[in-house]
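Single-structure report; data block below.
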Amino acid sequence: MKIDKVPEGTKLTINVSGRLDTTTAPQLDEELKASIDGIESLIMDLDELEYISSAGLRVLLYAQKVMNKQGEMIVRNANEQIMEIFEVTGFSDILTIK
């Protein structure tokens with residue numbers, strides 16, 4: 001998995017590529033915890049994400065809960081496979097997906 005962060009003032013875009021699973025989820029979790037303090041708009045760009053497991057979903061849920069208190073989180077560019085996982089798990093109702 002590769003994580004690229006693009007900060008713009010109180011907006012942060014995080015591009016995640018590869019596989020977000022039990023092995024890589026802690027890395028994204030650490031990046032988020034270190035980066036979202038003071039952020040009002042968090043964009044999770046999943047354009048190059050190939051797979052997400054329940055561990056990856058937990059990290060997104062954590063980020064959503066934090067951002068509900070301090071601003072907004074938008075998930076964008078999720079492919080068909082990732083969208084299907086979001087729909088089956090009910091995350092499509094929890095996350096703001098564009």
Side-chain angles (χ1 to χ4, degrees):
M1 179 185 71
K2 184 178 175 204
I3 301 169
D4 289 319
K5 296 189 294 187
V6 183
E8 299 173 46
T10 59
K11 177 183 172 186
L12 175 64
T13 301
I14 297 183
N15 301 300
V16 184
S17 59
R19 295 175 58 87
L20 182 52
D21 54 26
T22 308
T23 308
T24 58
Q27 180 186 351
L28 180 59
D29 191 45
E30 285 179 29
E31 287 286 345
L32 284 167
K33 287 178 178 172
S35 305
I36 61 177
D37 191 36
I39 295 298
E40 295 173 9
S41 179
L42 175 64
I43 310 293
M44 298 294 295
D45 193 325
L46 308 183
D47 185 40
E48 296 180 23
L49 188 67
E50 300 163 6
Y51 172 80
I52 188 167
S53 72
S54 59
L57 291 173
R58 276 193 299 278
V59 174
L60 290 183
L61 184 60
Y62 159 78
Q64 183 67 63
K65 285 182 177 180
V66 171
M67 293 311 298
N68 282 345
K69 295 175 186 167
Q70 63 191 52
E72 66 173 354
M73 179 174 111
I74 297 170
V75 176
R76 69 178 186 206
N77 298 324
N79 67 33
E80 215 173 286
Q81 183 181 0
I82 303 296
M83 281 304 299
E84 186 175 332
I85 293 169
F86 286 162
E87 288 166 12
V88 168
T89 58
F91 271 67
S92 56
D93 298 328
I94 299 169
L95 303 173
T96 302
I97 303 171
K98 294 190 177 180

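Being a predicted model, the structure only gives us computed values, none of them experimental.
Taking each heavy atom of G56 and L20 in turn, the nearest pair found is CA-CG, 3.6 Å. Of all non-hydrogen atoms in S35 and K5, the two that sit nearest each other are OG-NZ, 2.9 Å.
Remark: side-chain polar atoms of E8 are not paired, donor with acceptor, to backbone N or O of T13 under 3.5 angstrom. Between the side chain of T10 and the backbone N or O of E40 there is no donor-acceptor pair closer than 3.5 Å. Counting only distance, with no hydrogens or angles, the side chain of E87 and the backbone of S92 share no donor-acceptor pair below 3.5 Å.
Put simply, the side chain of F91 does not reach to within 4.5 Å of the side chain of I52, judged on heavy atoms.
One distance of note links CD of E80 with CE of M83; it measures 10.0 Å at 0.5 Å rounding. R76 contributes atom CZ, which lies 13.5 Å from atom OG1 of T96 (distance to the nearest 0.5 angstrom). Here M73 contributes atom CE and I94 contributes atom CD1; the two are 10.0 Å apart, rounded to the nearest 0.5 Å. The CG atom of L42 sits 9.0 Å away from the CD atom of Q64 when rounded to the nearest 0.5 Å. Taken from CG in N77 to CD1 in I43, the straight-line distance is 10.5 Å, to the nearest 0.5 Å. Atoms CD1 and CD1, on I3 and I14 in that order, are 7.0 Å from each other to the nearest 0.5 Å.
Following chains of ILVMFWY side-chain contacts shorter than 4.5 Å, one can reach L46 starting from Y62, so the two form part of one hydrophobic cluster. Under the 4.5 Å side-chain heavy-atom criterion for grouping Ile, Leu, Val, Met, Phe, Trp and Tyr, I97 is connected to L32 within one hydrophobic cluster. If you chain together hydrophobic residues whose side chains sit under 4.5 Å apart, I85 and V16 fall into the same group. There is no path of hydrophobic side-chain contacts, each under 4.5 Å, that joins L61 to I74. Both I82 and M1 sit in one connected hydrophobic cluster of ILVMFWY residues. Membership requires side-chain heavy atoms under 4.5 Å apart, directly or through other members.
Only one option out of L28, L49, L12 pairs with M44 in a side-chain contact (heavy atoms from CB on, under 4.5 Å); it is L28.
At most 12 non-hydrogen atoms from other residues, nucleotides or ligands lie less than 6.0 angstrom from CD of E48.
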